[in-house]
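The structure under discussion appears below in the form of structure tokens.
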Amino acid sequence: MIFTKIVTRWYSNNKRILPWRQTKDPYYIWLSEIILQQTQVKQGLPYYEAFVSKYPSVFDLANAKENDVLKLWQGLGYYSRARNLHTTAKHIVSDLNGVFPNNYKDLLKLKGVGDYTASAIASICFNENTAVVDGNVYRVLSRYFEIDTPINSSKGAKEFKDLAQKLIDKKKPAEFNQAIMEFGAVQCRPKNPDCNICPLNSGCMAFNKNRIHELPFKIKSAKAKKRHFNFLVFISKDQKTILEKREGKGIWQNLYQFPLIETTREQSNGSFKNYIKSHHLLKNRSFELVLYNKDVIIHKLSHQHLYTKFWIINIDTLNVNGILVDEIRDFPVPIIISNFIDAFNF
DNA sequence: AATTCGGGGCG
DNA sequence: CGCCCAGAATT
């Protein structure tokens, strides 16, 4: 297939030098693939370096505490990736003698490893003939073959997987998989790709019909919902504050935060003090309440916009244990909390 | 099949 | 402001 030949050739001439391209050790490939899920190379790279440095082997990662893994992951988002990463490391050490599965089918059983990641590891580390389909592959194939099927539909997932599997270079699956992804990231970019210098342009159906900007086609997702977060930043005279671990379902699972009061609407200074004085951490106590951020901070996640206020509570003593403010940076926290901690300069 | 998980960057 | 990113798990 001419497509396969051109993409592979382009890759050998244009690929970036990246640390996970210097190895076929499944631990490092797995680590890089998890970090790079829904994450651009530029954003994930420093996290990869940090993990390799702190956890050079799967045994080191398995022996770590979850809090420390989450702390190193802090700021990267999609924290279930970090929790599953740790769970899988422990599984491989405890149940598999520290040896990674060596094929697609068994890799797929690992927590946090889906079709894409299993295909990537199987092809890169073990030369298995399994095509990867990530955001880059969707874009390249939908344009070159002018496919209008929504990429975020089950029909699209199957269609593109089958097509990629037909196109893969069976003699060099590792090369082809990385080539088509790199091609999508560097040449066949989402916006304003330079099609004039593209080695595939003569055969690209979307380019020849001037439909590059229309593909890939995606079903629109629902608009983000608004939530109102009020964080209670306790400060006692003995320099303590309170952090709570987020349990259960929802965002930021197992990360820490200041005691949170979620309200249906934005709170103003006067009424909020009256509203919280029966809170179990404040009941029958005297305290001073100061709103830290005059303008509400809007923290945007994929599906939620968090309208956030930090309320400073000066109080003599805490009626729970709390933590020393000097220790606050040891805890994994969401980036909005981390930004506050830095700005407030605890 | 649809929704839920983060955060950064870009036009 | 909307869209995208070397997707997976849950509902």
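Each chain gets a letter, A, B and so on, in the order the sequences are listed, and its residues count up from 1. Bear in mind that the values here come from a model prediction, so they are computed numbers and not experimental data.
- Here the side chain of A:Q43 is nearest to one of C:dA6, C:dA8, B:dG6, namely B:dG6.
- With C:dA6, B:dG6, C:dA8 as the choices, the nucleotide that has an atom nearest any side-chain atom of A:Y78 turns out to be B:dG6.
- Mapping A:H305 and A:E33 onto DNA chain C via the closest heavy atom, the residue that lands nearer the 5' end is A:H305.
- Within 4.0 Å of A:V137, counting heavy atoms only, lies no atom of the nucleic acid at all.
- Residue A:W73 is out of contact with every strand shown, counting any heavy-atom pair closer than 4.0 Å.
- With B:dG6, C:dA6, C:dA9 as the candidates, the nucleotide lying closest to the side chain of A:K111 is C:dA9.
- Note on ring orientation: taking the six-membered ring where Trp is involved, the planes of A:F346 and A:F258 are parallel (angle under 30°, cut-offs 30° and 60°).
- Note that the CG atom of A:L36 and the OG1 atom of A:T117 stand 9.5 Å from one another [nearest 0.5 Å].
- Between the NZ atom of A:K300 and the P atom of B:dT4 there is a distance of 18 Å, given to the nearest Å.
- Here the rule is side-chain hydrogen bond (donor to acceptor under 3.5 Å, both in side chains) with A:S119, and of A:E33, A:Q165, A:K161, A:E128 only A:K161 fits it.
- Checked against C:dA6, B:dG6, B:dC5, the side chain of A:H303 finds its nearest nucleotide in B:dC5.
- Atoms NZ (A:K225) and C1' (B:dC5) sit 13 Å apart, rounded to a whole Å.
- A:N339 has its CG atom 9 Å from the P atom of B:dG7, to the nearest Å.
- When heavy atoms are screened at a 4.0 angstrom cut-off, A:D115 is found touching the sugar-phosphate backbone but no base atom.
- Nucleic acid contact class of A:K220 (heavy atoms, under 4.0 Å, all strands): sugar-phosphate only.
- Using a 4.0 Å heavy-atom criterion, one finds that A:G44 contacts no nucleic acid atom at all.
- Relative to the side chain of A:L301, the nucleotides B:dG6, C:dC3, C:dG7 differ in distance, and B:dG6 lies closest.
- Ring geometry, A:F340 versus A:F344: the interplanar angle falls under 30°, so the pair is classed parallel (tilted spans 30 to 60°).
- Residues A:Y79 and A:K155 each lie close to DNA chain B; by heavy-atom proximity, the contact nearer the 5' end of the strand is made by A:K155.
- For A:Q40, the side-chain atoms get nearest to B:dG8 when compared with the rest of B:dG6, C:dC3, B:dG8.
- Among the nucleotides C:dA9, B:dG7, C:dC3, the one closest to the side chain of A:H299 is B:dG7.
- Looking at A:R83, its side chain has no donor and acceptor atom pair within 3.5 Å of the base of C:dA8.
- Between B:dC5 and C:dA6, the distance separating the two P atoms is 23 Å to the nearest Å.
- Nucleic acid contact class of A:G184 (heavy atoms, under 4.0 Å, all strands): none.
- Contact annotation for A:S80: no contact, since no heavy-atom pair falls under 4.0 Å across all strands.
- Between A:I219 and A:I335, the residue anchored closer to the 5' end of DNA chain B is A:I219, taking for each the nucleotide with the nearest heavy atom.
- Using a 4.0 Å heavy-atom distance criterion, A:S32 is classed as making no nucleic acid contact.
- The residue A:R189 sits apart from the nucleic acid: no heavy atom pair falls under 4.0 Å.
- Within 4.0 Å (heavy atoms only), A:Q304 reaches sugar-phosphate atoms of the nucleic acid but no base atom.
- Set against B:dC5, C:dA9, C:dA6, the side chain of A:W20 has C:dA6 as its closest nucleotide.
- No side-chain donor-acceptor contact under 3.5 Å links A:Y55 and A:N63.
- Within 4.0 Å (heavy atoms only), A:I35 reaches no atom of the nucleic acid at all.
- Residue contacts for A:N192: at a heavy-atom cut-off of 4.0 Å it reaches the sugar-phosphate backbone alone, with no base atom in range.
- Considering only the side chain of A:R139, C:dC5 comes nearest among C:dA8, C:dC5, C:dA6.
- If you check B:dG6, B:dC10, C:dC1 against the side chain of A:W252, the one that comes closest is B:dG6.
- One side chain, A:N103 or A:D106, offers a donor N or O that lies under 3.5 Å from an acceptor on the other.
- A:L281 shares a hydrophobic cluster with A:L232, A:F234, A:I242, A:I261, A:F272, A:Y275, A:I276, A:L282, A:F287, A:L289, A:L291, A:W311, A:I313, A:I315, A:L318, A:V320; the chain of contacts runs through ILVMFWY side chains whose heavy atoms sit under 4.5 Å apart.
- Comparing B:dG9 with C:dA8, their P atoms are spaced 24 Å from each other, to the whole Å.
- For A:S302 against B:dG6, a side-chain-to-base donor-acceptor contact under 3.5 Å is present.
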